[in-house]
Amino acid sequence: MEARPALSIQRSGASQLSNLGVSGGLSSSLSIPSTHLEGTYQKLPDIQQVPSERELTTRPQVHATRVPTNNGVVGHIFSSSSGLSSDLHYSSVLPNEKHSRNSPFISQSPADTASLPLSQSSSSLLPQPTIPSCCNKENSGSWCTDPDFLDFPVSTPVQSGQVENIQRSEDFSKQNDWQEWADQLITCDDALTSNWNELLVDNVTNLEPKMACQVAKPCTTMPTQNQQLPSPSVENLRVVNPSSSANNAPAKPRMRWTPELHEAFVEAVNQLGGSERATPKGVLKLMKVDGLTIYHVKSHLQKYRTARYRPESSEGSSEKKLTSMEEISSLDLKTGMGITEALRLQMEVQKRLHEQLEIQRNLQLRIEEQGRYLQMMFEKQKSGLDKLKVSSSNPENPAATSDATKEAPTKSELESSQRDHLDSGTGTVNNAKSMLERSSREMGGEDMATEAGDLEKTKARVSETSPELAAKRSRIEE
Amino acid sequence: MKFGKRLKQQIEESLPAWRDKFLSYKELKKLVRLISSAESCVEYGKADVEAEFVHLLNNEIDKFNVFFMEQEEDFIIRHKELQQRIKRVIETWGPNGTKPSEAEYKDEMAKIRKDIVNFHGEMVLLVNYSNINYTGSLAKILKKYDKRTGGLLRLPFIQKVLQQPFFITDLVSKLVKECENTIDEVFPVEQEDEEEIVKEQREAITVAGKGIFRNTVAALLSMQEIRRGSSTYGHFSLPPMDLPDSDLIHSFQLNSPIPIV
């Protein structure tokens, strides 16, 4: 693959640049390539078509700007999951580190740059930006795995290294349109620290700048992937699990498919003459979705074919295994009713289960939310105690209480639909209340206790709401 | 121990292909026990065991994610296919179709109906799967861990879990709803006469659907059981379930060979 030759080019060039101060260098070197930007930018659309096997590293910015075209896909990516993991902890630390660690960067950058053969100067095009795959990986909930960035033994904030690298490669690439990227870089730079927490908390709303920032997001937790980079196997990029301790060899590409993506897939397949005639490569080309690899397409195509040509068996396979003598004996109940009735009954039960599952899930989310919130409050309280007790905690409390009560009703209304008996309900409330009060007393915060008490009072109050109302509410939420 | 048993039961009753995709609760529990006894043992070191525990948990989570997403992908494909199939049937054999034939139409529709209902069931079971692994297992085992070791692993870890693909079942839920809508549209509630359908066919269809139906019932009941009462009620616990038609659902168990307690 062209990665290697490009890499060597990079290295040599990088060393020259290593003298540039990072922060100072940024703006100055960014301005250099601006003239070159125009030319190659138009080439990018072509680049995207190139099969992903030739995936080198990324032009994060490129991708960032191209993101809007795939909004449907990427948007979903972000909305569906933001595979948080311990990686996030790293990333939250990094922005701070960045500013204090400029010099170490420079020395490491030669290595850094190696991983970013971005400036495919003349020849190599960047087929498929890795970053987008990184972003696409959001589908799978994985933030971090971008081995490309990790091709250097860096434990330091990659993103700043990234920025540097990008900057360096910009100098090389005579044909790349870095203007827009440069702008983004600069904004990204400033935005990095501030955006970081936002990134952590909410799903990306503003794609472009954030994409660029996220691009820089270091996957520092993947040291073991360093060696794997050279093989351009896209699979490396798709490590799904943010939870993975980063030691799993990322040979399992995992992509989270969405209906929209599937629609695009089907269209592409149809254009190519049907599922039998379509080839993964062709489909991939037609789909023009960043971050999609041929492996994904291949496996998906296989599933698609199976589903089409054996519609009954694919659905019935799991069920037929269950047919046994014992099963038949319990048939009596159903056969007596007639098919439609039976199906309708089955449907009802299924719906019921689904309903309950949703309710339960909401409950769980709320519980965790409150747990987190309370935890935070405890900590605040604790620190507040060291300082002025009254003045620091008072302003917090009203706000906190209102928040608490806002959250509490939601949760309690859901809960109330679950409570058959007021006894058990009160029992829970009392339990929780006493627990809260106990822990808050440990903290020594009287205010917390009152607040917790308020929380519980609200809960108890709301749980007296009529069940119908609550049920209605959960339906609405569905 | 009770929970472990219940979990095992539920796993037994789930679709065969899924059985090993659930959380290895037993193993993790063993580890937790090991941890608490290892605490006194200096050499082992609490940090190591914790690391091991976390590592295991992460592997489990990986397992869930992979499985879940595979299933999800399948569902997406099948969902689309069903829709297309319905369209095709309506267009060919429907009253306004190219070759209107009521018999064929009804026939195909019946098949589709069965398929859709089962498809719906499977999806719901997948959501249930996700839920079991979360509540029943992760939350539970983490709670045990914290209790035994006095650690604070639970809160941050759970936060992480909440973000995992397997827990975010929105897409599948959406498909489920769409399925329901489709069913309501295509099969409006009306009195159909069943005489035309061959008895064997009926039996075959019912049996085929039985697996999923049984699992669904089992899942509902298990859920109710799990939430019935807990010895350790904290503010992280789920309140008892409010299951309408609980009696009706219980009655489905009458003929079941496997007693569900």
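Because the structure is predicted, anything quoted here is derived from the model rather than measured.
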For a side chain to side chain contact (heavy atoms under 4.5 Å, CB included) check, start with the C-alpha distance between B:Glu180 and A:Met347, then their side-chain angles and the critical distance, and finish with the verdict. CA-CA 9 Å; B:Glu180 287 170 15; A:Met347 200 57 201; 3.7 Å; yes
Audit row: A:His354, B:Met123, side chain to side chain contact (heavy atoms under 4.5 Å, CB included) steps and yes/no: CA-CA 9 Å; A:His354 190 231; B:Met123 286 200 285; over 6 Å; no
Could you go through B:Leu125 and A:Gln350, starting from their C-alpha distance and side-chain angles, then the distance that decides it, and tell me whether this counts as side chain to side chain contact (heavy atoms under 4.5 Å, CB included)? CA-CA 8 Å; B:Leu125 283 175; A:Gln350 282 166 192; over 6 Å; no
Between A:Lys303 and B:Arg78, does a side chain to side chain contact (heavy atoms under 4.5 Å, CB included) hold up when you go through it step by step? CA-CA 9 Å; A:Lys303 290 189 184 211; B:Arg78 275 159 68 184; over 6 Å; no
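The backbone N or O of A:Arg256 sits nowhere less than 3.5 Å from a side-chain atom of B:Glu72 that would complete a donor-acceptor pair.
With a 4.5 Å cut-off on non-hydrogen atoms, B:Ile77 touches chain A through its backbone and its side chain both. When heavy atoms are compared at a cutoff of 4.5 Å, B:Ser130 does not approach chain A at all. Of the two parts of A:Glu348, neither the backbone nor the side chain holds a non-hydrogen atom closer than 4.5 Å to a non-hydrogen atom of chain B. At a 4.5 Å heavy-atom cutoff, the contact between B:Val127 and chain A is made by backbone and side-chain atoms alike. Contacts between B:Glu70 and chain A at a heavy-atom distance below 4.5 Å involve backbone atoms as well as side-chain atoms.
Minimum heavy-atom separation, B:Leu171 to A:Pro259: CD1-CD, 3.4 Å. Across every non-hydrogen atom of B:His120 and A:Lys351, the tightest pair is CE1-N, 4.0 Å.
Residues B:Asn131 and A:Gln364 meet the side-chain proximity criterion, which asks for heavy atoms closer than 4.5 Å.
Legend: residues meeting side-chain hydrogen bond (donor to acceptor under 3.5 Å, both in side chains) with B:Glu81, ordered by chain and number and at least two apart, are A:Arg308. For A:Glu267, there are no salt bridge (Lys or Arg N to Asp or Glu O under 4.0 Å) partners, not counting sequence neighbours.
For the pair A:Arg361 and B:Phe167, the cation-pi criterion (under 6.0 Å, within 45° of the ring axis) is fulfilled.
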